[in-house]
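The structure appears below as structure tokens.
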Amino acid sequence: MPRLTEERESGLPGPVQYPEIDSSKAHLRNYQMFPGQATFYVKGHFQSAGKRPYLVFVFAAIAVPAGLFFGFTAPWIWNNVSQSLPIVFSYILLLCVMSLVRSAGSDPGILPRNIHIETSDAEKRDPGPLNIAPLSVTVNCRQYDEDHPLYLPINYCTVCRIWRPARAIHCRDCDSCIDFMDHHCVWLNNCIGARNYRYFFCFILSLCLLAYFMATLCFLHVFAWRDRKSSTTIAAVRFAPVSFALAIYAVIGSIYPTALGLYHIFLISRGENTREFVCIKSVNASLS
């Protein structure tokens, strides 16, 4: 204490005063204090931002047909055609399920909050009746090339209180700014952004491949038995009704994933995401 008194009397700065930490929140993890709409499970390793149980429906639409396939079709294929075909099907199924879990439960690219908090300093604000900072500015991303400038809008999010990147947007369902946000998928209860887009694309492709392979093996079960028994197609369908129903289900169910996969291949070839493609299309339609 005498030493501190001497320092204060001599004009030297005293010891740094750190703010007191709330002892009730000292043991909380980051996901437990997250201000957005996401709900975390498994100690923060899985997150979901939707209130509707669509993810359970998607998982059931994959798991139930796969269980029927392993119960009725795979044993006959294993014993009469080839043992490698059910093994390949299992690998594709595992890839599809893991991609589903990763795309639905991983961080889509949530940007941290309260990074660029606007102060009350008048010099940092544009003059105006309310003295409010601008919500959008235009930045030249090619300052080294003055002949071919590239101007991009940088928007300020008043909810997250950050200047978000040009390809980021604030999702109302997640209540967070998402980097390179493609869309908010209601079927996965999560946004598709910079950090989980690869898993989402892998899920779409593996789901298409799984549907094609299931339809092929189920039709193989029906028609291979018909040819071996020299019977009719109706008798083969009566012999393996589950396989025939699974084949029809796989053919019909593959239509939407195939269209979605082709659409995202088109977007990847253009270097765009869904939001950018829709916005550009709407702007062109308004100008025409």
Side-chain angles (χ1 to χ4, degrees), residues 21-22 24-64 66 92-117 155-208 210 256-257 260-261 263-264 267-268 272-278:
I21 300 177
D22 189 357
S24 61
K25 296 183 179 180
H27 63 283
L28 297 179
R29 296 178 179 269
N30 291 336
Y31 74 90
Q32 294 174 321
M33 298 181 292
F34 183 72
Q37 296 294 334
T39 304
F40 295 89
Y41 306 94
V42 199
K43 295 183 178 181
H45 294 285
F46 188 92
Q47 71 176 50
S48 178
K51 303 295 183 180
R52 305 175 184 89
Y54 291 153
L55 179 59
V56 178
F57 173 77
V58 174
F59 184 80
I62 298 174
V64 173
I92 300 175
L93 176 63
L94 179 62
L95 180 63
C96 181
V97 173
M98 293 303 297
S99 301
L100 170 63
V101 173
R102 291 288 291 174
S103 59
S106 60
D107 179 15
I110 298 177
L111 299 175
R113 296 194 176 199
N114 302 325
I115 300 299
H116 309 123
I117 300 177
N155 299 320
Y156 182 77
C157 180
T158 56
V159 177
C160 299
R161 304 174 79 178
I162 60 172
W163 287 96
R164 56 175 178 253
R167 309 187 79 176
I169 190 175
H170 186 89
C171 177
R172 293 178 295 178
D173 297 313
C174 298
D175 194 24
S176 299
C177 287
I178 309 298
D179 188 18
F180 193 74
M181 178 180 172
D182 186 85
H183 66 286
H184 182 88
C185 184
V186 295
W187 299 105
L188 301 182
N189 292 335
N190 198 7
C191 275
I192 306 301
R195 298 178 185 174
N196 66 345
Y197 183 83
R198 69 193 73 176
Y199 306 121
F200 173 76
F201 186 68
C202 182
F203 167 66
I204 296 299
L205 295 184
S206 60
L207 182 61
C208 294
L210 183 68
Y256 177 72
L260 188 60
Y263 174 69
H264 279 276
L267 292 179
I268 292 175
E272 298 176 349
N273 55 34
T274 301
R275 177 179 171 273
E276 293 170 349
F277 178 76
V278 173

Check step by step if side chain to side chain contact (heavy atoms under 4.5 Å, CB included) holds for N155 and W163.
CA-CA 6 Å; N155 299 320; W163 287 96; 5.8 Å; no
Centroid separation F200 to H183 less than 6.0 Å:
yes
Drop me the distance from [X]'s [atom1] to [Y]'s [atom2], to the nearest 0.5 angstrom.
X: H184; Y: R172; atom1: NE2; atom2: CZ; value: 10.5 Å
X: I178; Y: I110; atom1: CD1; atom2: CD1; value: 4.5 Å
X: F46; Y: S106; atom1: CZ; atom2: OG; value: 8.5 Å
X: C177; Y: I169; atom1: SG; atom2: CD1; value: 9.0 Å
X: R167; Y: F180; atom1: CZ; atom2: CZ; value: 4.0 Å
X: L210; Y: F203; atom1: CG; atom2: CZ; value: 9.5 Å

Mutual orientation of the aromatic rings belonging to Y263 and F277 [parallel < 30°, tilted 30-60°, perpendicular > 60°]:
perpendicular
Quick one: closest heavy-atom pair of [X] and [Y], and the distance?
X: A168; Y: L111; value: CB-CD1, 4.0 Å
X: Y197; Y: I268; value: OH-CG1, 3.7 Å
X: C202; Y: L95; value: SG-CD1, 4.0 Å
X: S103; Y: L188; value: OG-CD1, 3.6 Å
X: M181; Y: R275; value: O-CB, 4.1 Å
X: I92; Y: S206; value: CG2-O, 3.8 Å

Set out, in order, the CA-CA distance, both residues' side-chain angles and the distance that settles side chain to side chain contact (heavy atoms under 4.5 Å, CB included) for F59 and L100, then state yes or no.
CA-CA 8 Å; F59 184 80; L100 170 63; 4.1 Å; yes
Close side-chain approach of [X] to [Y], heavy-atom, < 4.5 Å:
X: H264; Y: I204; answer: no
X: T158; Y: Y156; answer: yes
X: R195; Y: P108; answer: no

N189/D173 under side chain to side chain contact (heavy atoms under 4.5 Å, CB included): CA gap, chis, key distance, verdict:
CA-CA 9 Å; N189 292 335; D173 297 313; over 6 Å; no
Applying salt bridge (charged side-chain N to carboxylate O under 4.0 Å, His left out), run through R102 and D107 and close with a yes or a no.
CA-CA 9 Å; R102 291 288 291 174; D107 179 15; over 6 Å; no
Working note: R113 + V159, criterion side chain to side chain contact (heavy atoms under 4.5 Å, CB included); need CA distance, chi angles, decisive distance, verdict.
CA-CA 8 Å; R113 296 194 176 199; V159 177; 4.2 Å; yes
Verify, without hydrogens or angle tests, whether N196 (side chain) and C191 (backbone) share a donor-acceptor contact under 3.5 angstrom.
yes
side-chain contact (heavy atoms from CB on, under 4.5 Å) with I192: of T274, N273, D182, only one passes, and it is D182
